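Since the structure comes first, as structure tokens, the remarks are kept for the end.
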Amino acid sequence: MPSNIPHRENEINQLSSIIAPALRGYHPNNIFIYGTCGTGKSLSIRFVLNQLEDISRANGSEVKTIYINCKMKKVADTEYRLFAQLLQEMGVHVPDTGLPTDVLYRNFFEKIDEKKRVVIIALDEIDSLFKKVGDEFLYNLTRVNGELKRAQLSIVGITNDLSFLNNLDMRVKSSLGEEEILFKPYNAMQLKDILQNRIKEGFNEGIVEEGVINKCAALAAQEHGDARRALDLLRVAGEITERLGDPKIEEKHVDIAEEKIDMDRVVETVKSQPRQSQAVLYSVLKLSNNGHTRVLTGDVFDEYIKVCANNSIKSLTQRRVSDLIGELDMLGVITARVISKGRYGRTRDISLAISDSVLEKVEGILRTRFGD
DNA sequence: AGGTATTCACATGAAACTATTCTCTGAGTTAGG
DNA sequence: TAACTCAGAGAATAGTTTCATGTGAATACCTGT
């Protein structure tokens, strides 16, 4: 976490002024924050919440802030786990399983309401949780305030899905969206500034060439101004330079970094897929190697059955394979477009979405796992 | 020629099932007093 | 009598299967000219 956050002064001020009443024991409005990824949303809210806690500690007011990322696997990606995590943050341990959800819910209320205070909960990537379990938990949470006797609860929702608010139930929408803040993407100039800031803290002077900063900023600006992307590029370029023993970071290192980030991402996701999903991917791979111009769901399924037979794996239904193909598409390993071939049905047009060098590596991994 | 109806090959949805892991509870057992 | 053991009921979750319904447009089939 950097010590200062350039180009987000406005947003941070807004956030602060909305949240500040907490220090005087008032209930701050619920806030809804949106903006694409890498625009500093999480960073800003965490910064503000930290400050709030510091100040409240200093002047003795009862404020508790909780930051939770709803996307983290095994942490808060279901309603049960969200409340489990909230309770954890309040200092109560709850088991992973075995308890009914509404018990957690009750415990949570009692815990919050045990004394007079203001509690602020920031739910990052709230849309991913919503997609999994619907908006019931949000409704419950927003409704809480009326039921609490002593404490006050405010919610900060963070999402990178701009249309998220529209999908919500009206009641939740009006309650959660009391205040809205939009984080705009950084432009290339701002990205440069951010990079320069970090370079001052992270690198020795004169190591990073001017062109490198421009390049990182430009590449990231193409990806809707994603600052994290820019910083990753710079960091990986730095690592590569160090490994090669070169004295300075140059543009060519950024090129390698770009390639490597992509490669690592794909290889990691492929490796971490369950066996069935890998088998499906392997089938896609084999088919497109055989020069099929158009790989369709049916083709993949047939091939997949063969792969399963060869490896004595229990094969799944077509329904499931169809979903797996969709998942691989989401992961960006393959591209699967739904097309209609008129009289000849509707299916997915599937192709690989990875560059040749990465492909080679992936193929190696899968081949050792499934043979020919 | 132009318009409508069919039809294909899956997509997409919903519900239900399987297996695993874990808590809670109460009955039965056991050790110690 | 308190402490311990253990089986059974219930939960949460991930990953599937089963059943049901949806769908875009290339063709087949009509229609009237």
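Fair warning: this is a prediction, and the values are worked out from it, not measured in the lab. Below, chains carry the letters A, B, ... as their sequence lines are ordered, and counting in each starts from 1.
The neighbour count for F203(A) CZ, taken as heavy atoms of other residues, nucleotides or ligands under 6.0 Å away, is above 12. At most 12 non-hydrogen atoms from other residues, nucleotides or ligands lie less than 6.0 angstrom from CD of E242(A).
The pair R320(A)-E327(A) counts as a salt bridge, with a side-chain nitrogen and a carboxylate oxygen less than 4.0 angstrom apart. No salt bridge links R81(A) with D96(A); every basic N to acidic carboxylate O contact stays at or beyond 4.0 Å. Contact check on E62(A) versus R117(A) returns no salt bridge, with no Lys/Arg side-chain nitrogen under 4.0 Å from an Asp/Glu carboxylate oxygen. A salt bridge links K111(A) with E114(A): the distance from a Lys NZ or Arg NE/NH1/NH2 to an Asp or Glu carboxylate oxygen falls below 4.0 Å. The pair R337(A)-D349(A) meets the salt-bridge criterion, with a side-chain N (NZ, NE, NH1 or NH2) lying under 4.0 Å from an Asp/Glu carboxylate O. D323(A) and R319(A) are joined by a salt bridge, as a carboxylate oxygen and a charged side-chain nitrogen come within less than 4.0 angstrom of each other. Contact check on E363(A) versus K286(A) returns no salt bridge, with no Lys/Arg side-chain nitrogen under 4.0 Å from an Asp/Glu carboxylate oxygen. In this structure, D232(A) pairs ionically with R235(A), as a charged nitrogen and a carboxylate oxygen lie closer than 4.0 Å.
Taking atom CD on Q85(A) and atom P on dT13(C), their separation rounds to 13 Å, with Å as the unit. Protein atom NZ of K341(A) is 11 Å distant from nucleotide atom P of dA26(C), rounded to whole Å. Residue L316(A) contributes atom CG, which lies 14 Å from atom C1' of dT18(B) at whole-angstrom precision. Separating the CD atom of Q278(A) from the P atom of dG15(C) is a distance of 13 Å, rounded to the nearest angstrom. Nucleotide dC8(B) holds its C1' atom 13 Å from the CD1 atom of I339(A), rounded to whole Å. Rounded to whole Å, atom P of dA14(C) lies 18 Å from atom CD of Q276(A). For D349(A) and dA9(B), the CG to P distance is 16 Å, given to the nearest whole Å. R346(A) has its CZ atom 14 Å from the C1' atom of dA26(C), to the nearest Å.
For T297(A), a side-chain nitrogen or oxygen approaches OP1 or OP2 of dA11(B) to under 4.0 Å. Taking 4.0 angstrom as the limit, R343(A) places none of its side-chain polar atoms (N or O) nearer than this to OP1 or OP2 of dA25(C). Using a 4.0 Å cut-off, no side-chain N or O of K73(A) falls inside it from OP1 or OP2 of dT13(C).
Comparing atom distances between the K314(A) side chain and each of dT17(C), dA9(B), dA14(C) picks out dT17(C) as nearest. Distance from the side chain of R348(A) is smallest to dA11(B) among dT17(C), dA11(B), dA14(C).
The stretch residues 324-337 of chain A does not touch DNA chain B, since none of its heavy atoms comes less than 4.0 Å from the strand. Listed by residue number, there are no residues of residues 301-309 of chain A with a heavy-atom contact under 4.0 Å to DNA chain B.
When heavy atoms are screened at a 4.0 angstrom cut-off, R319(A) is found touching base atoms of the nucleic acid.
For the pair R369(A) and Y282(A), the cation does not sit on the ring face, since its NZ or CZ is not both under 6.0 Å from the ring centre and inside 45° of the axis.
In this model, a donor atom of one side chain and an acceptor atom of the other lie less than 3.5 Å apart for N214(A) and K192(A).
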Show me the protein contacts with nucleotides 10-12 of chain C, counting only N or O atoms at under 3.5 Å.
{"from": "dA11(C)", "atom 1": "O3'", "to": "L99(A)", "atom 2": "O", "distance (Å)": "3.3"}
{"from": "dA11(C)", "atom 1": "N3", "to": "T97(A)", "atom 2": "OG1", "distance (Å)": "3.3"}
{"from": "dA12(C)", "atom 1": "OP1", "to": "T101(A)", "atom 2": "N", "distance (Å)": "2.7"}
{"from": "dA12(C)", "atom 1": "OP1", "to": "T101(A)", "atom 2": "OG1", "distance (Å)": "2.6"}

